[in-house]
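Input: a single structure, listed below in structure tokens.
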Amino acid sequence: MDGNRRYAKRKLLEEGAGHNAGAMALLNLIIYCYELGVKYITAYAFSIDNFQRKPSEVQKIMDLLKECMIVLAKIVKHHPIKVNFAGNLELLNAELRDEARKLMGATAEYSKFVVTICVCYCCTDDIVHSVEESCREKRYYHSYIGDSHDDDKDHDGKDDERYMIKLVDIEKNMYMAVTPDPDVLIRTGDKHRLSNFLQWQTCHSLLASLSTDWPEIGVWHLVKVVLDFQQNYDYFIRKRLQRL
Ligand SMILES: CC(C)=CCC/C(C)=C/CC/C(C)=C/COP(=O)(O)OP(=O)(O)O
């Protein structure tokens with residue numbers, strides 16, 4: 001969601017007004033996606049690197065996150081929307097973390113439309129977290145079966161499968177396991193890089209870079225990207241099926 005500050009500067013507004021407009025744009029886009037029948041939407045709201053921004057700006061984005069949670073909590077009372085917050089939630093303050101968990105708990109049973117908001121997220125951090133979790137699981141498994149694990153070879157001298165970390169382990173333990181890999185990744189603000197967002201999950205996704213600043217994204221930008229995706233539908237579906 002790039003271009004909030006540039007939008008504010010262009011409109012001669014203070015910086016925070018750009019983030020306000022960005023939050024409104026996100027809520028509107030969620031509604032467009034719901035109406036259009038998109039099943040999953042994932043937004044990069046706050047990266048771990050964003051903690052390096054000035055404290056007043058970080059506070060502003062955290063305040064907006066809280067407001068978005070309040071709005072979403074009202075919306076989910078009338079619409080079956082599952083809301084996930086993906087990332088290292090331990091880095092959030094306790095109040096926001098509790099609110100995030102409450103909203104996730106309250107919507108956990110829904111599946112028709114899934115909104116995932118990435119906060120305190122970086123893909124490299126997710127990979128490290130997932131590998132650590134996978135190692136923990138394997139260690140737990142080996143102590144659970146009472147195996148001394150003195151050597152992790154089986155009787156034939158091959159590596160014991162039970163202790164090996166596989167692709168499925170890593171993918172299962174990622175924060176992003178809450179939602180499927182995206183068909184399309186949209187970046188606004190005329191930037192053409194991923195900036196540590198979903199690089200594991202986007203190897204077969206359509207990457208769309210829009211020159212529009214995030215607060216000005218509208219339903220027609222979304223429709224155009226969906227049409228581009230549909231032109232290459234066979235490729236994406238073939239790749240998706242190969243991964244199943
Ligand atoms: C759910 C939630 C917290 C929504 C809040 C609003 C929102 C869209 C926040 C994203 C924050 C962010 C780092 C935007 C990038 O634009 P930028 O600030 O890097 O702008 P620039 O590219 O013009 O510098």
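Read the numbers this way: they start at 1 and go in the same order the structure lists the ligands and their atoms.
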Check your understanding: Heavy atoms, side chains only, cut-off 4.5 Å: are F113 and C33 in contact?
Key -> yes
Revision key, fill the gap. Note: heavy atom closest to atom 20 (O) of ligand 1, options H19, R6, M1, R5, belongs to R5
Exercise for review: Show which atoms of ligand 1 fall inside a sub-4.0 Å distance from at least one heavy-atom site of G3.
Suggested key: 16 (O), 20 (O), 21 (P), 22 (O), 23 (O)
**Study point:** Heavy-atom nearest neighbour in the protein, as seen from atom 7 (C) of ligand 1, with distance rounded to 0.1 Å
**Key:** N4 ND2, 3.6 Å
Practice item. Give the single entry among A43, G22, A45, S47 that approaches atom 9 (C) of ligand 1 most closely by any heavy atom. Key: A45
Practice item. Considering the heavy atoms of I61, write down every atom of ligand 1 situated less than 4.0 Å from one of them. Key: 3 (C), 11 (C)
Exercise for review: Write out the residue and atom name of the closest protein heavy atom to atom 13 (C) of ligand 1, then the distance separating them to 0.1 Å.
Suggested key: N50 OD1, 3.6 Å
**Study point:** Inter- and intrachain pairs under side chain to side chain donor-acceptor pair (under 3.5 Å), touching residues 225-235, at least two apart
**Key:** K224-D228
Exercise for review: Give me the one residue out of K60, R6, K54 that meets salt bridge (Lys or Arg N to Asp or Glu O under 4.0 Å) with E15.
Suggested key: K54
Check your understanding: Can you tell me how far the CE atom of M24 sits from the CD atom of E67, to the nearest 0.5 Å?
Key -> 10.5 Å
Review point. Between E90 and R101, is there a salt bridge with N-O shorter than 4.0 Å?
Key: yes
Review point. Would you call the rings of Y121 and F197 parallel, tilted or perpendicular, where under 30° means parallel and over 60° means perpendicular?
Key: perpendicular
Check your understanding: Quick one: does G189 get a heavy atom under 4.0 Å from ligand 1?
Key -> no
Let me check something: any side-chain donor-acceptor pairs from residues 68-81 under 3.5 Å, sequence neighbours excluded? List them with distances.
from, atom 1, to, atom 2, distance (Å)
H79, ND1, Y34, OH, 3.4

Study note, to complete from the structure: Nearest heavy atom to atom 17 (P) of ligand 1, choosing from R53, M69, M62, belongs to R53
Point to revise | Nearest non-hydrogen protein atom, atom 22 (O) of ligand 1 | key: D2 OD1, 2.6 Å
Check your understanding: Any N or O of A23 that comes nearer than 3.5 Å to an N or O of ligand 1?
Key -> no
